[in-house]
Amino acid sequence: MTDPRTSDAELPKNYDFRAVEPRWTTQWDEDGIYRYDPSSDAAAAGRTFSIDTPPPYVSAAHLHVGHAMSYSQAEFVIRFKRMRGYEVFYPMGFDDNGLPTERYVEKKYKKHKGNATRKEFVDLCLAETRGGAAVYEQLWRSLGLSVDWRMTYSTIAPRAVEHAQKSFLDLVAKGRIERRADPILWDPRMQTALAQADTEPGPEIDRPLHQLRFDRADTEGSGLIDTTRPELVTACVALACHPDDTRFAADGSVRFKVPLSNLRADGSEAEFRTVPLIRDDAVDPEFGTGLMMVCTFGDQEDIIKWRTHKLDTQLIIGPDGRMDTPELPSLHGQRVHVLAKGSKLPEARLAAKELLEAHGYLLDVTENVSRASVSERSSTPIEIQVVPQWFVKLVDIKDELLARGRELRWHPPYMKDRYEHWVDGLKWDWNISRQRFYGVPFPVWYRQDTGAAVLPTAADLPLDPMVDAPPPSVKAQVPDGVELVAEEDVMDTWMTSSLTPLINANWAFWDKDSGAETPDLQPRPGIYPMGVRVQAFEIIRTWLFYTVAKSHMHTDALPWRDVMISGWGLDKKGKKMSKRLGNFVDPKGVIEKYSADSLRYWAAGATLGHDLRYLENDVKGGKRLLTKLWNSTRFAMMSIGDYDPSSGATEAPTVADRWIRARVLETVHKATEAYEGYEYNKALRATEQLFWRDWCDNYLEIVKDRFRNPEQWDPAQVEAARATIFYGTWAMLRLFAPVLPFITEELYTRALKPRMADDAPLSVHVAPWPLDERTGEVDVFGGVVDEQAGALGGLLLDLVAAVRQLKTEARMGLGKPLAAIYVAGDAALREDIALVERDWRAAARADLVTWEAPADAAPTHGVGDRDLRIGIAPAD
RNA sequence: GGGCGAAUAGCUCAGUGGUAGAGCUUCGGCUUUACACGCCGCGGGUCGCAGGUUCGAUCCCUGCUUCGCCCA
């Protein structure tokens, strides 16, 4: 490229985004304009703005325009802040840890716990991770995200592992983590424990209600219960009714015989196992028979009753999700072991039904449709197991976590309710143990003799007990000769991702020398607490909640000051996008076809927190805006020619100049206020309105004449138009820059910068925002809105519109010259009209405005809602 | 069953306690030497339903209906 200062300022006729966008992606990287510089003046002044955006899972194949939407929305605000003079810390992370990655690898390579070693599996995960990260980075770069790619983190890299392990040790030390053998949510397919947040409602399926008779053990009589899970009958540990139920004695004497519990595998019969009747508010007296079977464990409600009433434990389902009972007896004289160890649950359910029926316990089966909780990742119905696991205690600090939620500034504000309700409804401590291959290892060994856990010190981290020998700090805690056994579980993925603000701040190295010189491993306390978290609403209960909890427990602080919650990008019918449904739109294709700026323009159309449908027409609208921006700036630059903003030439602004200057100032204020409130869409809307309607359709049309026929104008008026165009363009390019980074950079560099002083900003993206945050002043047009210009401008626009209307009605081209415009009406407006006449005539291409109308050209056409009428006479 | 959100023009969506808005679409014009990916103009809505507060409600309150999401 030739030197833009000496090359002619004229822009090419067409904007070639396919060439321009990749060029700027590379150039920005070379210039390092998005680099975080902790030694900058802004950082020193405490004006650092740090951003915590979701580290995406690495299976990049599922990326759709909805993802591009939410990252773009965050980025609009980030670019605004950068221009406002903040030192921006904007890293990208990759969540290559945990179940999603494992599941992805399992599907892709058909490898699982049964046919792969841990190392094989982990290597595959790591390889997928690297490939996925590269795809993401490529896409995010082409979308124009102003990420500092040197700051990228990965949740499975040693740095993040160390943070997760340090978090574990810190919480153990603070008494927030403990190991307990509790009932836990279990995914039989993935063979792992889950947290409450890892479950979701499953699909509606047929789950017939089996009505069973339980005979009384203490006296004559019986009770009826309805259950969808007859196979669990022998796991029954109580029957429950509502406290007000009058059918049974309330003195605790009531006991029932458990059906089938008297049968033995050899065909003999023994005593029935009996269970008590408990009274519990949670039983709905109106549902079914009003009597409920409590098993260990059919569902999560069972656990609550089991815990509240201190019931027995009769586990009959194994970790593989199959029956794990003593053999039950034969049916019809045949030895069938359908309820025995190893049966799948659907078979066991049928067998249980037959067995119950054969022994007369089954009275009725009614159709029923309901949904069960399933694992969010494997879609398998959740079962419950009792296994020792590590728990982060959260239930006892609900109040503190609620208080933290209220300290946060939520955008939009109503999103706070989702957090409140989740925390309010929290029933379980956070189980962080996962019986999986791929994840952060617990830094834990167990004494062979006592089973007690032995922990290393923070200085030993990171480590992997399954690979590394116990460090001296661990060995020192046990007597010689006592074997140490490595913990085989790994941590829940949220254990790491809940630390993203702390990982970014390199919290693990705050009080420990990492031994490394790289900035990657140096403490970055300046960025913590972070400025803003950006995410979608569906992970408020997970990522957001866990992050708040972690920062609260570790640093007694909020992780960020603001939270920005985005909606989803939906398909054109309003459905969630997915590969499976075939309604998937690949952002890469959109960028190639319409440009990244256009895709971003679409993303800017959503109100924060609201979903946005992907309509190709909206992206086309973005493309149209780019074309208009390009053409109008090209025209503007041709008009102002060799204008030199530092020349100091005399200006005599007309009403049109004064009006558009006021509009620019007004819009700068409006857009700034909107961005401050994270309302990027309002900012864009205001800017678009200014640009398209006021600037292009009116102002440029009005001033054209000054450049076409300069001899008919005072040179100071021409100079005023040149200045207005130059500074108006400068302001508008900056207002558009956060949303349209590519075209604004191209126009700034090619059109404006060559006319500016040598110390002009290198890039529009590091140029100052037109409204200075500290002085409150706008840096163009003197910064003060000309009130009078607003009213006169309104009159001028009405007059121009009236002429256009007349010309259109006369099927006349708008460029058609007029010999005269005749005016009649309120004489009080005469003075004002005189002030705008010159601009009016220019816009209308009229030679004369007169109040003396000939009889054959009566002014009859209205002017807005003013008491004025006009008529026109064509030039020929 | 609980919570949150939404309901405004044919479509996608803004918006405000005081005469209802944009873009797209429809229709009619315009070769206007920046742009036909443009410009000018016209058309089009009982602001989901029913109450209430108010001088006045699309907006605030209550209830209802429908849709979406989150959670039981």
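All heavy atoms count here, side chains included; hydrogens, waters and symmetry mates do not.
Listed by chain and residue number, A/Ile184, A/Ala193, A/Gln389, A/Phe391, A/Ser433, A/Arg434 satisfy the side-chain contact (heavy atoms from CB on, under 4.5 Å) test with A/Asn431 (two or more places apart in sequence, or in another chain). Take A/Arg418 and apply the side-chain contact (heavy atoms from CB on, under 4.5 Å) test, not counting sequence neighbours, and it matches A/Met415, A/Phe537, A/Ile540. In this structure A/Asp182 satisfies the salt bridge (Lys or Arg N to Asp or Glu O under 4.0 Å) test together with A/Arg180, A/Arg307, sequence neighbours excluded. Partners of A/Glu676 by salt bridge (Lys or Arg N to Asp or Glu O under 4.0 Å), not counting sequence neighbours, listed by chain and number: A/Lys81, A/Arg84. With sequence neighbours excluded, no residue forms a salt bridge (Lys or Arg N to Asp or Glu O under 4.0 Å) with A/Asp226. Partners of A/Asn709 under the side-chain hydrogen bond (donor to acceptor under 3.5 Å, both in side chains) rule, at least two apart in sequence or in another chain, are A/Asp705.
Separation of atoms CG (A/Leu544) and CG (A/Leu408) is listed at 6.5 Å; rounding is to 0.5 Å. Residue A/Ser498 holds its OG atom at 4.0 Å from CH2 of A/Trp430, rounded to the nearest 0.5 Å. The structure places CG of A/Leu608 at 4.5 Å from OH of A/Tyr680, a figure rounded to the nearest 0.5 Å. Taken from CZ in A/Arg755 to CH2 in A/Trp730, the straight-line distance is 14.0 Å, to the nearest 0.5 Å.
Straight-line distance from the CZ atom of A/Arg804 to the P atom of B/rC42: 13 Å, rounded to whole Å. We find that CZ of A/Phe635 is positioned 6 Å from C1' of B/rA34, with the value rounded to whole Å. Between the C1' atom of B/rC39 and the OH atom of A/Tyr699 lies a distance of 19 Å, rounded to the nearest Å. Distance A/Tyr419 OH to B/rC69 P: 25 Å, rounded to the nearest Å. To the nearest angstrom, C1' of B/rA34 lies 5 Å from CG of A/Asn631. The nearest whole Å value for the distance from the CG atom in A/Asn14 to the P atom in B/rG38 is 14 Å. Taking atom CH2 of A/Trp428 as the reference point, atom P of B/rA72 lies 11 Å away to the nearest angstrom. Protein atom CG of A/Leu626 is 13 Å distant from nucleotide atom C1' of B/rC35, rounded to whole Å.
Environment of NZ in A/Lys398: crowded, with over 12 heavy atoms of neighbouring residues, nucleotides or ligands closer than 6.0 Å. Environment of CG in A/Asp865: sparse, with no more than 12 heavy atoms of neighbouring residues, nucleotides or ligands closer than 6.0 Å. Residue A/Lys704 qualifies as enclosed at atom NZ: its count of foreign heavy atoms under 6.0 Å is above 12.
Side-chain to base pairing of A/Lys807 with B/rC40: no donor and acceptor N or O lie closer than 3.5 Å to each other.
Residue order along RNA chain B, read from the 5' end via each residue's closest nucleotide, puts A/Trp695 first among A/Thr627 and A/Trp695. Between A/Asp865 and A/Lys575, the residue anchored closer to the 5' end of RNA chain B is A/Asp865, taking for each the nucleotide with the nearest heavy atom.
The side chain of A/Ala801 lies closest to B/rG41, out of B/rG38, B/rG41, B/rA34. Among the nucleotides B/rA34, B/rC70, B/rC40, the one closest to the side chain of A/Arg708 is B/rA34.
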Anything under 3.5 Å between a protein N or O and an N or O of nucleotides 4-12 of chain B, put it in a table, one pair a line.
{"unit_1": "B/rU12", "atom_1": "OP1", "unit_2": "A/Arg613", "atom_2": "NH1", "d": "3.1"}

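Straight-line distance between the C1' atoms of B/rG18 and B/rU58: roughly 12 Å, to the nearest whole Å. Distance check on atom C1': B/rC13 versus B/rG17 gives 23 Å, rounded to whole Å. Annotation: B/rU25 and B/rC39 have their P atoms spaced 12 Å apart (nearest Å). The separation of B/rG23 from B/rC59, taken at their C1' atoms, amounts to 23 Å, rounded to a whole angstrom. Comparing the C1' positions of B/rG43 and B/rU66 gives an interatomic distance of 30 Å, to the nearest angstrom. When the C1' atom is compared between B/rC30 and B/rC11, the two are found 27 Å apart, to the nearest whole Å. Taking the C1' atoms as reference points, B/rC47 lies 23 Å from B/rC42, given to the whole Å. Between the C1' atoms of B/rC24 and B/rC37, the separation comes to 14 Å (whole Å).
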Dot-bracket for RNA chain B, 5' to 3', with Watson-Crick and G-U pairs under 3.5 Å, [ ] for crossing pairs and | for other-strand pairs: what is it?
(((((((..((((....[..))))..((((.......))))......(((((..]....)))))))))))).

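Listed in residue order, the members of residues 682-694 of chain A having a heavy atom less than 4.0 Å from RNA chain B are A/Arg685, A/Trp692, A/Arg693. The stretch residues 812-821 of chain A touches RNA chain B through A/Gly813, A/Leu814, A/Gly815, each having a heavy atom under 4.0 angstrom from the strand.
Using a 4.0 Å heavy-atom criterion, one finds that A/Glu701 contacts the bases of the nucleic acid, with or without backbone contacts as well. Nucleic acid contact for A/Asp611: none, since no nucleic acid atom lies under 4.0 Å from a heavy atom of the residue.
Contact annotation: A/Thr607 side-chain N/O to B/rA14 OP1/OP2 distance is under 4.0 Å. In this model, the phosphate group of B/rC69 is not approached by any side-chain N or O of A/Lys576 to a distance below 4.0 Å at OP1 or OP2. Listed pair A/Lys704 / B/rU32 fails the phosphate criterion, with no side-chain N or O lying under 4.0 Å from OP1 or OP2.
A cation-pi arrangement is present between A/Arg533 and A/Trp543, with the terminal nitrogen or guanidinium carbon under 6.0 Å from the aromatic centre and inside a 45° cone about the axis.
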Taking only distance into account, with no hydrogens and no angle test, what donor-acceptor pairs under 3.5 Å do side-chain atoms of residues 610-621 of chain A form with protein atoms, sequence neighbours excluded?
{"unit_1": "A/Asp611", "atom_1": "OD1", "unit_2": "A/Trp568", "atom_2": "N", "d": "2.8"}
{"unit_1": "A/Glu616", "atom_1": "OE2", "unit_2": "A/Lys593", "atom_2": "NZ", "d": "3.1"}
{"unit_1": "A/Glu616", "atom_1": "OE2", "unit_2": "A/Tyr594", "atom_2": "OH", "d": "2.5"}

Under 3.5 Å, sequence neighbours excluded: what are the donor-acceptor pairs made by side chains of residues 793-812 of chain A?
{"unit_1": "A/Asp798", "atom_1": "OD2", "unit_2": "A/Arg866", "atom_2": "NE", "d": "2.8"}
{"unit_1": "A/Asp798", "atom_1": "OD2", "unit_2": "A/Arg866", "atom_2": "NH2", "d": "3.1"}
{"unit_1": "A/Arg804", "atom_1": "NH1", "unit_2": "A/Asn698", "atom_2": "OD1", "d": "3.1"}
{"unit_1": "A/Arg804", "atom_1": "NH2", "unit_2": "A/Asp697", "atom_2": "O", "d": "2.8"}
{"unit_1": "A/Lys807", "atom_1": "NZ", "unit_2": "A/Leu814", "atom_2": "O", "d": "2.8"}
{"unit_1": "A/Lys807", "atom_1": "NZ", "unit_2": "A/Lys816", "atom_2": "O", "d": "2.9"}
{"unit_1": "A/Lys807", "atom_1": "NZ", "unit_2": "A/Ala844", "atom_2": "O", "d": "2.8"}
{"unit_1": "A/Thr808", "atom_1": "OG1", "unit_2": "A/Arg804", "atom_2": "O", "d": "3.0"}

